[in-house]
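Quick notes on the structure that follows.
Numbers restart at 1 for each chain; the letters A, B, ... are given by sequence-line order, proteins then strands.
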Amino acid sequence: MEGKFKNTFYVTTPIYYVNDVPHIGHAYTTIIADALARYQRLCGKKVYFLTGTDEHGQKIEKAAAEKGMSPKELADRVVVRFKELWQKLNISYDYFIRTTEEFHERGVQKIFQKLLEKGDIYKGKYQGWYCVSEENFLSEDVPLEPDGSKICPDCGRQATLLEEESYFFRLSAYQQPLLDFYAANPQFVRPQSRMNEVVSFVRQGLKDLSITRTTVRWGIPVPGDPKHTIYVWFDALHNYVTGAGYDWNPELFETFWPADVHLIGKDILRFHAIFWPAFLMAAGFPLPRTVFGHGWWLKDETKMSKSKGNVLDPHLILEKVGADALRYFLLREVPVGLDGSFSHEGFVHRVNSDLANDLGNLVQRTLTMVFNYFDGEIPVPGEEQDSDRKLAEHFEETAARVYALYDDYALSRALEEIWVFLNAVNKYLADQEPWKLAKKAEEKNRLARILFQALCAVRGVGYLIYPVMPETAEKIWNFLGESKKPGEVLKSWFNFYHLTSGNRIRKPEALFPRIDLMEFIGEVEKPGKAIESRKKPEEKMEYITYDEFKKMDLRVARVLTAERIPGTSKLLKLQIDLGNETRQIVAGVAETYSPEDLVGKEFIVIANLKPAVIRGVESQGMLLAAEIDGKAIIPFFDREVPPGTKVK
RNA sequence: GGCGGCGUAGCUCAGUUGGUCAGAGCAUGCGGCUCAUAUCCGCAGAGUCGGGGGUUCGAAUCCCUCCGCCGCCA
């Protein structure tokens with residue numbers, strides 16, 4: 001559209017829903033985004049890389065209640081998990097947005113208000129089958145079951161019939177504008193096959209979209225009509241504008257909006273390729289350039305799911321092989337857009353063959369020869385011969401192709417090209433046989449040239465892999481005694497021959513030690529290990545002072561009444577005697593104790609915990625309990641104690 | 001049921017507008033080197049390009065049909 005060179009790049013991941021801990025799928029999207037961001041920075045662009053978490057909605061309300069926390073507390077915890085993983089994976093995001101942040105909520109409300117005034121949002125009545133799990137009304141065409149109910153086609157659970165007052169987005173008005181937009185921007189949805197799906201979906205006609213709920217409390221209130229909350233998808237999608245400064249940092253927003261690429265999993269394509277541009281058209285924003293739907297990672301050819309217990313925990317792999325091997329594997333194995341199959345065999349094979357044998361061993365053998373023949377000093381090269389020139393030219397051609405492929409988000413193809421060059425460097429050494437020349441003093445100059453050339457090639461490879469393997473790239477440059485890091489050298493400044501003779505190189509360590517398959521499987525699949533490593537961050541001891549401890553008002557409480565909270569499996573509503581007052585608390589102990597078990601019993605509660613509403617029931621305190629496999633075990637006293645007694 | 005896509009060496013896949021297009025990587029076998037992480041380099045073998053029919057001087061590449069698989073929608 002704009003003819004002039006665009007000097008900015010704005011890339012996003014979806015914001016991840018905090019009802020789940022991060023897994024390999026989250027890692028995959030985010031790694032793609034990171035590689036693109038790093039590459040664009042090398043190009044000299046101002047890059048804005050946004051990721052974050054989606055924290056509203058019924059599912060989170062529910063998940064939090066089951067854990068006996070407030071939704072915000074649950075979100076706070078899960079956010080830490082995401083941030084930890086991103087750090088381990090060297091994700092260079094610029095901002096981590098949370099939809100519970102004040103500026104986001106305000107921004108969403110403002111846009112909502114704007115569309116309401118414009119008439120693109122109107123109030124109506126909605127009746128439909130609603131799936132609690134998917135937080136979605138079922139499509140009208142889902143057939144009735146024999147018993148007259150409907151089953152959610154996505155999750156297989158039974159839906160409930162709801163009628164509610166609702167605000168609607170006038171999506172129907174945007175059918176033609178969307179089709180026109182797709183026609184004018186064939187790259188808007190990638191890969192192409194997804195674009196076809198989107199277009200054919202829109203051609204079938206679009207109905208107005210219900211975008212508020214009265215059944216959900218944990219969400220952004222509709223401005224001026226707070227018994228409605230804004231539907232989680234309308235809320236979440238707008239993170240891409242609020243996270244880029246809309247309504248709170250005009251300069252940031254001006255600089256980066258519209259986004260260059262929204263990376264998403266193919267499951268959320270419709271939201272991003274249809275609803276989102278329609279919302280943006282309505283609000284008068286320019287539209288993003290590309291929505292890229294990547295594929296799924298399967299585990300040994302089958303879909304990963306919690307129920308199958310085959311979800312891959314990235315932490316175990318990271319511990320064993322480091323971030324770069326995982327980043328490389330995920331980006332190299334499969335073109336973005338297709339499904340991939342993750343097997344331990346495949347992973348180990350690729351890491352050993354590409355990273356240990358091809359790349360790692362090349363670095364090792366080259367540097368070792370410089371140590372052996374030139375005492376670790378980069379030699380002054382002798383005259384350049386045809387074969388040397390060819391290697392340099394091959395590099396230039398490779399670099400040009402790799403850049404073009406990175407520009408096109410074709411990461412696996414880019415890596416493939418780099419590896420073709422890598423093979424050529426290994427062949428160059430095999431052809432030149434520097435180890436033979438080293439035995440003849442009169443060949444010293446020739447030897448110097450060959451090793452110099454090989455070092456240049458290694459340095460160049462280090463540069464090209466930087467977006468995908470930043471740590472390894474830095475290690476390689478560090479071995480070469482470079483004063484800069486590859487990430488600090490702009491593409492336009494990079495030159496194959498910018499290697500300084502006389503510099504000392506460092507003694508290399510194996511970049512990627514070969515992995516033994518059996519050992520790897522043993523370590524990664526050890527069942528206890530997963531739990532251990534997952535718990536580690538939370539169990540790290542952090543001291544508090546006695547004064548801090550004193551702030552907690554721990555009291556003995558006696559249970560007066562207890563009842564189950566309908567619709568939950570874990571929650572009990574308890575009336576408790578605290579000596580001089582009676583309180584109500586919600587406790588997640590119903591899987592271990594029935595209401596009758598607890599009446600008359602005494603235990604310890606934190607009396608000055610900030611009250612919270614859990615599943616619509618106010619909780620004025622929390623009881624202390626041990627948790628084993630998600631089940632609560634309450635510590636009781638071995639004799640009777642007067643209610644209200646302080647516990648220290 | 002509708003729309004779209006796919007079916008090419010043991011495996012994963014490339015194959016622009018029909019004419020060195022029958023290919024690459026991995027795996028397998030053999031040979032070479034020894035600087036290197038039992039690494040590296042070279043050579044070799046198998047495919048009636050899902051089946052059948054058609055258009056054409058000529059089709060993996062276009063058309064029809066059948067079989068099988070996948071995606072989206074219903």
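A cation-pi arrangement is absent between A/K444 and A/Y373, since the terminal nitrogen or guanidinium carbon is not both under 6.0 Å from the aromatic centre and inside a 45° cone about the axis. For the pair A/R213 and A/Y231, the cation-pi criterion (under 6.0 Å, within 45° of the ring axis) is fulfilled.
In this structure, CG of A/L429 is placed 13 Å from P of B/rA36, rounded to the nearest angstrom. For the pair A/L359 CG and B/rC40 P, the interatomic distance rounds to 12 Å; values are reported in whole Å. Per the geometry, CG belonging to A/N352 stands 15 Å off P belonging to B/rU37, to the nearest Å. Distance A/I274 CD1 to B/rC72 P: 13 Å, rounded to the nearest Å. Put simply, CZ on A/F374 is 15 Å from P on B/rC35, counting in whole angstrom units. The interatomic distance linking A/N423 (CG) with B/rG42 (P) rounds to 8 Å, in whole Å. The nearest whole Å value for the distance from the NZ atom in A/K507 to the P atom in B/rU37 is 10 Å.
Base pairing of B/rA38 is not made with any nucleotide, judged by Watson-Crick or G-U wobble geometry with both donor-acceptor distances under 3.5 Å. The nucleotide B/rA24 finds its pairing partner in B/rU12, both defining distances of the Watson-Crick or G-U wobble pair being shorter than 3.5 Å. When Watson-Crick and G-U wobble pairs are counted only if both distances are under 3.5 Å, B/rU48 pairs with no nucleotide at all. B/rC72 is paired with B/rG2 under the criterion used here, namely a Watson-Crick or G-U wobble arrangement in which both key atom distances are under 3.5 Å. B/rC43 and B/rG29 make up a base pair, with Watson-Crick or G-U wobble contacts both under 3.5 Å.
A/R289 and A/N185 form no side-chain donor-acceptor contact under 3.5 Å, judged by distance and modelled atom types alone. In this model, a donor atom of one side chain and an acceptor atom of the other lie less than 3.5 Å apart for A/Y497 and A/E384. A donor-acceptor pair shorter than 3.5 Å can be found between the side chains of A/R449 and A/Q453.
For the pair A/R350 and A/W435, both in contact range of RNA chain B, the more 5′-proximal nearest nucleotide belongs to A/R350. Along RNA chain B, the nucleotide nearest to A/A430 and the one nearest to A/E333 differ in position, and the one closer to the 5' end is contacted by A/E333.
Ranking B/rU37, B/rA36, B/rC33 by closeness to the A/K436 side chain, first place goes to B/rC33. The side chain of A/H349 has B/rA27 as its nearest neighbour among B/rC41, B/rC35, B/rA27. For A/N361, the side-chain atoms get nearest to B/rC40 when compared with the rest of B/rC40, B/rC41, B/rC33. For A/F201, the listed nucleotide lying nearest its side chain is B/rC73; candidates were B/rU39, B/rC41, B/rC73. In the set B/rC35, B/rA36, B/rC73, B/rC35 carries the atom at the smallest distance from any side-chain atom of A/M369. For A/K427, the listed nucleotide lying nearest its side chain is B/rC41; candidates were B/rC73, B/rA36, B/rC41. For A/N196, the side-chain atoms get nearest to B/rG4 when compared with the rest of B/rC40, B/rG4, B/rA36.
Using a 4.0 Å heavy-atom cutoff across all strands shown, A/L367 reaches no nucleic acid atom at all. Heavy atoms of A/T368 sit under 4.0 angstrom from primed sugar atoms or phosphate atoms, though from no base atom. Within the 4.0 angstrom heavy-atom criterion, no nucleotide atom of any strand lies near A/D431. The residue A/Y373 sits close only to the backbone: its heavy atoms come under 4.0 Å of sugar-phosphate atoms, none of a base. Contacts of A/P434 with the nucleic acid, taken as non-hydrogen atoms under 4.0 Å apart, are absent. Residue A/K266 is classed as having no contact, given no heavy-atom separation below 4.0 Å to the nucleic acid.
Taking atom P on both nucleotides, B/rG25 is separated from B/rG42 by 9 Å, rounded to a whole Å. Taking atom C1' on both nucleotides, B/rA59 is separated from B/rG18 by 6 Å, rounded to a whole Å. Taking atom P in both B/rC63 and B/rG71, one finds a spacing of 25 Å when rounded to whole Å.
Salt bridge status for A/E519 with A/K320: present, with a side-chain N to carboxylate O gap under 4.0 Å.
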Practice problem: Report the C-alpha separation of A/I32 and A/F292 in whole Å, then their side-chain angles, then the decisive distance to 0.1 Å, and conclude whether the side chain to side chain contact (heavy atoms under 4.5 Å, CB included) test is met. | Solution: CA-CA 11 Å; A/I32 296 171; A/F292 208 128; over 6 Å; no
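Between A/Q204 and the phosphate of B/rC73, there is no side-chain N or O to OP1/OP2 separation shorter than 4.0 Å. Remark: A/R194 is not in phosphate contact with B/rG71, judged by side-chain N or O atoms under 4.0 Å from OP1 or OP2.
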